[in-house]
Amino acid sequence: MAFLGPPGPPRCRPPSLCRPPPALPHSTFKHSPFTASRGVRQAQWLTKTKLVEGLPPSVLSIVDDPAHQLEDYEERVKRVISHARLWDTTEAIPKREHYCPVLFEDLIHLCRLMSVKYPSLTKRMLARNYKIAATWERESILLQVRGLNGILMNSVAPIPPVASKEEILATEEHVLETFYPISPTIDLQEVNVYQELNSTGFRDGYPYSHPHTLFFLESANIRPNRFRPEQLRAKMLMFAFGNALAKAKVLYGNDPKVLEQPIVVQSVGTDGQLFQFMVFQLNTTDLVSGDGIKNLVWIDSDQELYEKAQCISEVKKRVVTKPAGIYGFQPDTFKKFLALYLHGTV
């Protein structure tokens with residue numbers, strides 16, 4: 001079996017999470033990072049997914065509608081960035097492992113302010129340190145994604161399907177890229193597994209039972225310890241797929257099939273400056289063959305929230321030539337972040 005696992009754990013554990021199944025005796029399962037040498041293209045093959053560049057119309061309509069914007073959002077977001085990069089530190093130049101999670105928490109706080117206008121936003125829960133397990137077969141290869149992954153925002157209600165039935169049927173014509181003569185499972189960890197596990201990570205009856213958005217924080221200070229943007233997008237796709245597949249098996253059983261009601265899971269990845277946005281729609285759990293209905297993913301890549309944080313003023317000949325501050329603020333990146341948060345509610 002090929003295994004796809006996540007990096008180290010988030011910081012805290014929310015209530016109502018089930019304990020993951022214990023590793024079986026003699027199993028060679030290990031927590032190890034998922035690496036995809038061919039990035040999103042490889043993840044597309046593994047998950048039988050067609051890529052659509054950019055965000056779907058249902059999200060863009062939120063981005064473009066002033067009625068769905070936070071009041072005075074530009075100044076508020078600038079303060080959030082300054083708080084994370086300049087103020088919330090005792091160091092001259094704060095480290096990424098500090099400012100990246102601070103920025104994320106502050107952005108989520110801004111999004112929560114919209115619950116005054118949209119009360120159903122209060123029916124959300126951030127889950128940290130939860131574990132999923134999803135197993136599927138792809139062209140006679142047994143695959144499993146399992147373990148800790150990102151921070152998951154759950155919701156009482158699911159996100160409605162993004163693609164229409166006609167768009168879903170049209171995916172039958174799409175031909176997935178192959179990597180012959182290279183194996184599509186190159187770089188995946190092979191393990192012996194004695195039980196095919198499928199688990200959402202939550203107990204039956206948990207009220208916030210629908211996965212909404214996964215957040216991945218690439219906050220390692222040393223660049224080689226962070227995923228490159230293409231690797232990060234591949235990881236986002238694999239775990240959005242894993243959460244959707246685990247939920248589909250709870251709702252529809254283990255038999256492979258085209259889903260009557262597709263499952264949508266979003267994903268956002270950031271290193272504290274650059275953002276990756278993704279919307280994944282699981283249309284089918286019939287994944288063995290490359291024929292038939294495909295799943296769909298929309299990706300908006302490499303969106304900067306700001307160009308530079310000048311932590312220390314530049315001084316030349318006793319004259320400040322570049323004051324400390326945030327430069328190159330990109331308000332549209334926050335609008336997309338907020339739109340994904342609101343998606344499924346407005």
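Each residue takes its place number in the sequence, starting with 1.
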Do the side-chain N and O atoms of R124 and Y341 include a donor-acceptor pair separated by under 3.5 angstrom? no
Give a yes or no on whether H109 atom NE2 has more than 12 heavy-atom contacts from other residues, nucleotides or ligands under 6.0 Å away. no
Would you check if I326 and K78 make a side-chain contact, meaning some heavy-atom pair closer than 4.5 Å? no
Would you say that P211 contacts K247 through its side chain, given a criterion of any heavy-atom pair below 4.5 Å between the two side chains? yes
Is it the case that Q303 and K336 place a side-chain donor and acceptor less than 3.5 Å from each other? yes
When you compare the side chain of L296 with that of V162, does any pair of heavy atoms fall below 4.5 Å? no
Run the ring-ring contact (aromatic ring centres under 6.0 Å, His included) test against Y208 and tell me which residues pass, sequence neighbours left out. Y206
I want to check a possible cation-pi pair here: K322 against Y327, using under 6.0 Å from ring centre and within 45° of the ring axis as the test. yes
Correct closest heavy-atom pair for S219 and C100 would be CB-CB, 3.7 Å
Assess, by modelled atom type and distance only, whether the side chains of T49 and Q44 contain a donor and an acceptor separated by less than 3.5 Å. no
Side-chain touch L176/K294, heavy atoms, less than 4.5 angstrom: yes
For a side-chain contact (heavy atoms from CB on, under 4.5 Å) with L259, tell me which candidate from T285, N283, D286, T284 qualifies. T285
NE2 on H68 to OG1 on T345, rounded to 0.5 Å: 10.5 Å
Given T185 and L143, is the side-chain contact (heavy atoms from CB on, under 4.5 Å) satisfied, shown in steps? CA-CA 9 Å; T185 58; L143 298 165; 4.2 Å; yes
With a 3.5 Å cut-off and no angle check, do the side chains of S58 and H343 form a donor-acceptor pair? yes
Roughly how far apart are N243 CG and F280 CZ, rounded to 0.5 Å? 10.5 Å
Minimum heavy-atom separation for S115 and T122, please, with both atom names. CB-CG2, 3.8 Å
Take the angle between the ring planes of F239 and F216 and call it parallel below 30°, perpendicular above 60°, tilted in between. tilted
Considering all heavy atoms of both residues, which atom of C111 and which atom of F334 are nearest to each other, and what is their separation? SG-CE1, 4.4 Å
Is the ring pair F275/F337 parallel, tilted or perpendicular, if the boundaries are 30 and 60 degrees? perpendicular
For the residue pair Y130 and N154, confirm or rule out a side-chain donor-acceptor distance under 3.5 Å. no
Thinking salt bridges, do E177 and R41 make one under a 4.0 Å N-O criterion? yes
For E260, I'd like to know if atom CD has over 12 heavy atoms of other residues, nucleotides or ligands within 6.0 Å. no
Check the pair D302 / Q276 against side chain to side chain donor-acceptor pair (under 3.5 Å), numbers first and verdict last. CA-CA 6 Å; D302 300 333; Q276 317 292 333; 2.8 Å; yes
So, T333 versus Q330: side-chain donor-acceptor pair below 3.5 Å or not? no
Between CD of E173 and NZ of K50, what distance do you get to the nearest 0.5 Å? 9.5 Å
Closest approach of L245 to A134 (non-hydrogen atoms, all atoms of both residues): CD2-CB, 4.1 Å
Rounded to the nearest 0.5 angstrom, the CG-CG distance for L51 and L237 is 8.5 Å
Do the side-chain N and O atoms of R203 and S209 include a donor-acceptor pair separated by under 3.5 angstrom? no
Does one side chain, of E196 or N198, offer a donor that lies under 3.5 Å from an acceptor on the other? no
Any side-chain to backbone donor/acceptor pair from K131 onto N129? Under 3.5 Å, distance only. no
Less than 4.0 angstrom from a charged side-chain N to a carboxylate O is my criterion; do E218 and R228 meet it? no
Is it true that atom CD of E91 has more than 12 heavy atoms of other residues, nucleotides or ligands lying nearer than 6.0 Å? yes
Which atom of K48 lies closest to which atom of D291, heavy atoms considered: NZ-O, 2.7 Å
For K235 and G39, indicate whether the former's side chain and the latter's backbone hold a donor-acceptor pair under 3.5 Å. no
Kindly indicate whether the side chain of S155, heavy atoms from C-beta on, has any atom under 4.5 Å from the side chain of K123. no
Residue pair L340 / V279, side-chain heavy-atom distance below 4.5 Å: yes
Would you check if the distance from the ring center of Y99 to the ring center of W87 is below 6.0 Å? no
Nearest heavy-atom pair of T213 and Q266: which atoms, and what distance? OG1-NE2, 2.8 Å
Side chain to side chain donor-acceptor pair (under 3.5 Å) between Q144 and T135, worked out: CA-CA 4 Å; Q144 184 181 81; T135 306; 3.2 Å; yes
Can any side-chain N or O of S164 pair as donor or acceptor with the backbone N or O of E167 at less than 3.5 Å? yes
Is R96 salt-bridged to D271, cutoff N-O under 4.0 Å? yes
